[in-house]
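The structure presented is a predicted model; accordingly, all values stated were derived computationally and were not measured. Note on naming: letters A, B, ... go to the chains in the order of the sequence lines (proteins, then strands), and numbering restarts at 1 for each one. Just so it is clear, the values below take in all heavy atoms, side chains as well, and ignore hydrogens, waters and symmetry mates.
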Amino acid sequence: MKTLAELQAIRDRAREKMTVRGDHENAVRVVVGMATCGIAAGARPVLNAFVDEVAKRHLDNVTVGQTGCIGMCQFEPIVEITMPGKEKVTYGKVTPEKVARIVADHVVNGNPVVEYTIGELMK
Amino acid sequence: MRELSLNVLDIAQNSIAAGATLTEITVEEDTAADRIVLTVRDNGRGMTPEQVRKVSDPFYTTRTTRKVGMGIPLFRMAAEMAGGGLSIESVPGKGTAVTATFVRSHIDRMPLGDITGTVVALIRMNPDRDFRYVRKWNGREFAVDTRELREILGDVPLDTPEVADWIDAYIKEQTEAILAPSSGEGPEDVPGN
Ligand SMILES: Nc1ncnc2c1ncn2[C@@H]1O[C@H](COP(=O)(O)OP(=O)(O)OP(=O)(O)O)[C@@H](O)[C@H]1O
Ligand SMILES: [Mg+2]
């Protein structure tokens with residue numbers, strides 16, 4: 001059974017990490033469209049896949065957030081990734097299966113997965 | 001929407017958009033009464049009676065990127081299709097409660113789906129807001145409340161990966177625990193039921 005004592009232990013470990021972690025100038029922001037159109041198209045598992053992948057790789061500089069409808073409902077689930085000093089990249093029709101590659105290629109190595117971008121999908 | 005848990009996530013997003021600091025989600029299953037009741041209650045900005053009347057109209061929205069609001073009409077449709085209905089109670093400046101009822105055995109009732117996934121996604125996305133999730137099954141119930149978890153966590157945020165994982169596992173275990181021991185039937189969101 002999950003106990004509150006366990007949660008306390010998690011808290012103590014997290015506190016130790018917080019002190020060594022410090023601030024991040026190279027912060028990466030991942031946002032998932034979570035309006036009705038996004039949710040209906042499958043945004044929830046995509047969001048959870050990003051959170052899991054980021055946690056698995058211990059990418060402390062990455063935050064995963066949400067946004068509303070950006071008016072391109074036909075391309076939902078939509079994911080936008082912002083990296084410092086680079087233009088925002090918008091992915092469309094994202095599935096949980098595509099997430100590992102986007103994180104590995106784009107978030108970690110800085111090379112957007114062009115074939116998954118909205119620009120490519122519109123061609 | 002393919003599962004009711006996605007409607008719940010979507011309706012809770014309205015609460016977030018309305019500036020709610022506390023959103024309460026209740027999932028109630030009663031097999032004897034053959035009923036499921038889903039409630040999303042918030043302390044957001046609320047709506048006037050006039051606004052409440054309008055949100056039943058699928059062409060009403062306060063959003064600016066697209067002209068139609070779909071969330072509430074879709075939820076209403078899912079409930080009415082399954083022999084139930086949807087009601088909205090709202091007080092400007094106080095908050096809103098959206099309640100949908102379903103005939104549990106109705107052939108057109110959508111499955112509940114991954115309601116734990118919905119609650120965990122909401123907490124992960126909004127670590128500075130509070131959520132209370134209440135799961136009831138035939139008179140047995142449990143609740144998880146981020147205000148109580150925060151008391152234990154102190155300055156450690158709710159979206160810390162290990163914390164979110166703990167909440168996820170905790171909700172799943174607690175849901176299984178309210179399974180009535182006497183009957184073979186259990187809450188729909190427990191694997192094996
Ligand atoms: N909990 C709430 N508190 C305050 N206002 C609400 C709440 N829920 C809905 N509303 C109002 O009702 C409108 C319609 O909601 P609905 O979910 O149907 O559409 P939407 O959120 O505008 O767009 P969509 O859900 O399609 O992305 C909202 O724009 C908002 O003004
Ligand atoms: Mg909505």
[Y] reachable from [X] in the ILVMFWY side-chain graph, under 4.5 Å edges:
X: B/Met70; Y: B/Ile72; value: yes
X: B/Ile36; Y: B/Met110; value: yes
X: B/Val91; Y: B/Ile11; value: no
X: B/Leu9; Y: B/Leu86; value: yes
X: B/Val134; Y: B/Val98; value: no

Tell me, yes or no, whether the heavy-atom count around [X] atom [atom1], taken from other residues, nucleotides or ligands under 6.0 Å, exceeds 12.
X: B/Arg129; atom1: CZ; answer: yes
X: A/Lys93; atom1: NZ; answer: no
X: B/Glu80; atom1: CD; answer: yes
X: A/Glu87; atom1: CD; answer: no

Choice from A/Arg13, A/Gln66, A/Arg44, A/Met1 maximising heavy atom contacts with chain B below 4.5 Å: A/Arg44

Quick check on the interface: out of [options], who has the most heavy-atom pairs with chain A under 4.5 Å?
options: B/Asp165, B/Val163, B/Asp155; value: B/Asp155
options: B/Glu3, B/Gln174, B/Gln13; value: B/Gln13
options: B/Asp114, B/Ile16, B/Leu74, B/Leu149; value: B/Asp114
options: B/Thr118, B/Asp159, B/Val120, B/Ile167; value: B/Thr118

B/Trp166 side chain vs A/Thr3 backbone, donor-acceptor pair below 3.5 Å: yes

Flag, side chain of B/Glu173 to backbone of A/Lys2, donor-acceptor distance under 3.5 Å: yes

Pair B/Thr160, A/Arg11: side-chain N/O donor-acceptor within cut-off below 3.5 Å: no

Pairwise side-chain contact, B/Pro161 with A/Lys56, heavy-atom cut-off 4.5 Å (strictly under): no

Side chain proximity check, B/Leu153 to A/Gln8, heavy atoms < 4.5 angstrom: no

Criterion side-chain hydrogen bond (donor to acceptor under 3.5 Å, both in side chains) against A/Thr36, the qualifying member of B/Asn14, B/Asn7, B/Asp10: B/Asp10

Working for side-chain contact (heavy atoms from CB on, under 4.5 Å), residues B/Met125 and A/Val32: CA-CA 10 Å; B/Met125 285 304 91; A/Val32 182; over 6 Å; no

Salt bridge flag under 4.0 Å for residues A/Asp52 and B/Arg124: yes

Portion of A/Ile10 that has a non-hydrogen atom of chain B nearer than 4.5 angstrom: side chain

Over all atoms of both residues, closest heavy-atom pair of A/Leu47 and B/Ala121: CD2-CB, 3.8 Å

